[in-house]
There are 2 protein chains.
Amino acid sequence: MGKQVTEMLKGTLEGIVLAILAGRPAYGYEITSWLRDKGFTEIAEGTIYALLIRIEQRGYVDVEKVPSEKGPPRKVYTLNADGQAYLDEFWTTWSFLSERLEQLRKGDS
Amino acid sequence: MGKQVTEMLKGTLEGIVLAILAGRPAYGYEITSWLRDKGFTEIAEGTIYALLIRIEQRGYVDVEKVPSEKGPPRKVYTLNADGQAYLDEFWTTWSFLSERLEQLRKGDS
DNA sequence: ACCGGTAGATAGTGACACTGAATAGCGGCG
DNA sequence: CGCCGCTATTCAGTGTCACTATCTACCGGT
């Protein structure tokens, strides 16, 4: 893989993180580990933190500082109503794109 | 839709165009019209031409100038071996991403 | 005292799609 | 004839997003 994934993630990584947060609240480091587990081995730590700050500024998540037993305090992110709405929109957009791509792959051109 | 699609297209639009060219040779204006037909109404003309120049410079396509009955000569693009290899890679990357996304949507988190 | 693991922040870079406008050839209509 | 509309391509400037690389900071164990 490599650069191709990087470009394809633009616009989708945000949705991926919001989808994770829809399942349960989480903090940055946790999300990064989870992504690595799921095969996204190439996603840099810094990328996730930058993304989290972005969605926080847009008001898609609520933030709470929670002291950690190990290391500095965690910033725990929780999806709010605006974030859920944006996530719904994301899935609609994804479905649209996904369907066209599958048609194309089948040679329906 | 709107901006969300735009960001999601990064990295995939290139694959879409190559997939079209895998079916048959085509020129820019034709590809744009085809995309609009298929629901990609928001893709700007300029975007496609810029993309075509890019994939030409990378050597994924062969180019032939064909005089047109109407308007200036067409630049007809044909997918070559390198392009086909890149397209195969694209589908692999797409499958990877697509599978994780579907898992996420099903709440497999 | 140091190191490894946990946790987060940030400045600079590159790639890609969009906007908006310009150029150019051709046919038809008044 | 002159202008409009359709076909067809090009290009300069913009914004967004993920990456790289680096830095700060807290903790436990050796």
Side-chain angles (χ1 to χ4, degrees), chain A residues 1-18 25-36 40-58 60-61 63-77 86 90 93 97, chain B residues 1-18 25-36 40-58 60-61 63-77 86 90 93 97:
Chain A
M1 312 263 173
K3 212 161 52 112
Q4 241 182 7
V5 183
T6 295
E7 285 309 318
M8 240 184 257
L9 278 175
K10 289 188 183 175
T12 52
L13 185 54
E14 206 172 277
I16 290 171
V17 170
L18 290 176
Y27 54 97
Y29 192 82
E30 194 182 5
I31 293 171
T32 306
S33 312
W34 188 90
L35 287 171
R36 293 209 200 289
F40 294 103
T41 51
E42 313 181 32
I43 294 178
E45 296 231 26
T47 300
I48 298 300
Y49 289 115
L51 191 156
L52 287 170
I53 288 170
R54 209 166 64 226
I55 63 177
E56 180 188 351
Q57 282 172 348
R58 293 213 198 121
Y60 295 154
V61 286
V63 187
E64 196 191 355
K65 276 222 167 163
V66 177
S68 161
E69 309 98 40
K70 296 189 107 181
R74 296 165 176 164
K75 279 179 76 177
V76 176
Y77 294 84
Y86 184 81
F90 169 80
T93 306
L97 192 58
Chain B
M1 313 265 171
K3 214 164 50 118
Q4 243 183 4
V5 183
T6 296
E7 286 308 320
M8 237 184 259
L9 278 175
K10 289 185 181 178
T12 51
L13 184 55
E14 204 172 279
I16 290 171
V17 170
L18 290 176
Y27 53 97
Y29 192 85
E30 193 182 5
I31 294 171
T32 306
S33 313
W34 189 90
L35 287 172
R36 293 210 201 287
F40 295 103
T41 51
E42 313 182 32
I43 294 176
E45 296 231 28
T47 300
I48 298 301
Y49 288 112
L51 193 156
L52 287 170
I53 287 170
R54 210 165 64 227
I55 63 177
E56 179 188 352
Q57 282 172 349
R58 293 214 198 118
Y60 295 153
V61 287
V63 186
E64 196 191 354
K65 277 222 168 163
V66 177
S68 162
E69 310 98 42
K70 296 190 104 179
R74 299 165 174 164
K75 280 178 76 177
V76 175
Y77 293 85
Y86 184 82
F90 169 80
T93 305
L97 192 57

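Just so you know, these numbers use all the heavy atoms, side chains as well, and skip hydrogens, waters and symmetry mates. Chain letters run A, B, ... following the sequence lines, proteins first and then strands; every chain starts at 1.
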Nearest-nucleotide comparison on DNA chain C, the residue closer to the 5′ end among Ala44(B) and Arg58(B) = Arg58(B)
Think Tyr27(B) has a side-chain N or O under 4.0 angstrom from the OP1 or OP2 of dA8(D)?
-> yes
Closest to the side chain of Tyr49(B), out of dT10(D), dT10(C), dT7(D), is dT10(D)
Distance, rounded to the nearest Å, where Leu13(A) contributes CG and dA18(D) contributes P = 5 Å
What nucleotide among dT7(D), dT10(D), dA7(C) has an atom nearest to a side-chain atom of Lys75(B)?
-> dT10(D)
Return yes if some donor-acceptor pair links the side-chain N/O of Arg36(A) with the main-chain N/O of Thr41(A) below 3.5 Å, else return no.
-> yes
Side-chain atoms of Leu51(A) come closest, of dT9(D), dA18(D), dT19(C), to dA18(D)
When rounded to whole Å, the CD1 to P distance for the pair Ile48(B) and dC18(C) reads 8 Å
Which nucleotide in the set dA7(C), dC17(D), dT9(D) lies at the smallest distance from any side-chain heavy atom of Arg74(A)?
-> dA7(C)
Is Glu30(B) reaching over with its side chain to a backbone N or O of Tyr27(B), donor-acceptor style, under 3.5 angstrom?
-> yes
Please state how far atom NZ in Lys70(B) lies from atom C1' in dG5(D), giving the value in whole angstrom units.
-> 9 Å
Would you say dA9(C) has OP1 or OP2 under 4.0 Å from some side-chain N or O of Arg54(A)?
-> no
Taken to the nearest whole Å, CG/Leu52(B) to P/dC11(D) is 13 Å
When you get a sec, tell me which of dC19(D), dG25(C), dT19(C) is the closest nucleotide to the side chain of Pro72(B)?
-> dG25(C)
Nearest non-hydrogen partners of Val61(B) and Glu56(B), listed with the distance | CG2-CA, 3.6 Å
Please round to the nearest 0.5 Å and tell me the distance separating atom CD of Glu14(B) and atom CG of Leu52(B).
-> 10.0 Å
Value rounded to 0.5 Å, distance of CG in Leu51(B) from CG in Leu13(B) = 5.0 Å
Does Ser68(B) place a side-chain N or O at less than 4.0 Å from the phosphate oxygens OP1/OP2 of dA8(D)?
-> yes
Of Thr12(A) and Gly46(A), the one whose closest DNA chain D nucleotide lies more 5' = Thr12(A)
Once you round it to whole Å, what is the distance between P of dC18(C) and CE of Met8(B)?
-> 13 Å
Does the base of dT16(D) carry an N or O that pairs as donor and acceptor with the side chain of Lys10(B) under 3.5 Å?
-> yes
Over how many whole Å does the gap from Glu69(A) atom CD to dG29(D) atom P extend?
-> 13 Å
Which of the following nucleotides, dA8(D), dG8(C), dG14(C), is nearest to the side chain of Tyr29(A)?
-> dG8(C)
Among dA17(C), dT10(D), dC17(D), which nucleotide sits nearest the side chain of Leu9(B)?
-> dA17(C)
Taking only N and O in the side chain of Thr6(B), is any of them less than 4.0 Å away from OP1 or OP2 of dA17(C)?
-> no
Nearest-Å distance for atom pair CD1/C1', residues Ile31(B) and dT9(D) | 13 Å
Using atom CD of Glu7(B) as one end and atom P of dG15(D) as the other, report the distance to the nearest whole Å.
-> 13 Å
Can you check whether Ile43(A)'s main-chain N or O pairs, donor with acceptor, with Thr47(A)'s side chain at less than 3.5 Å?
-> no
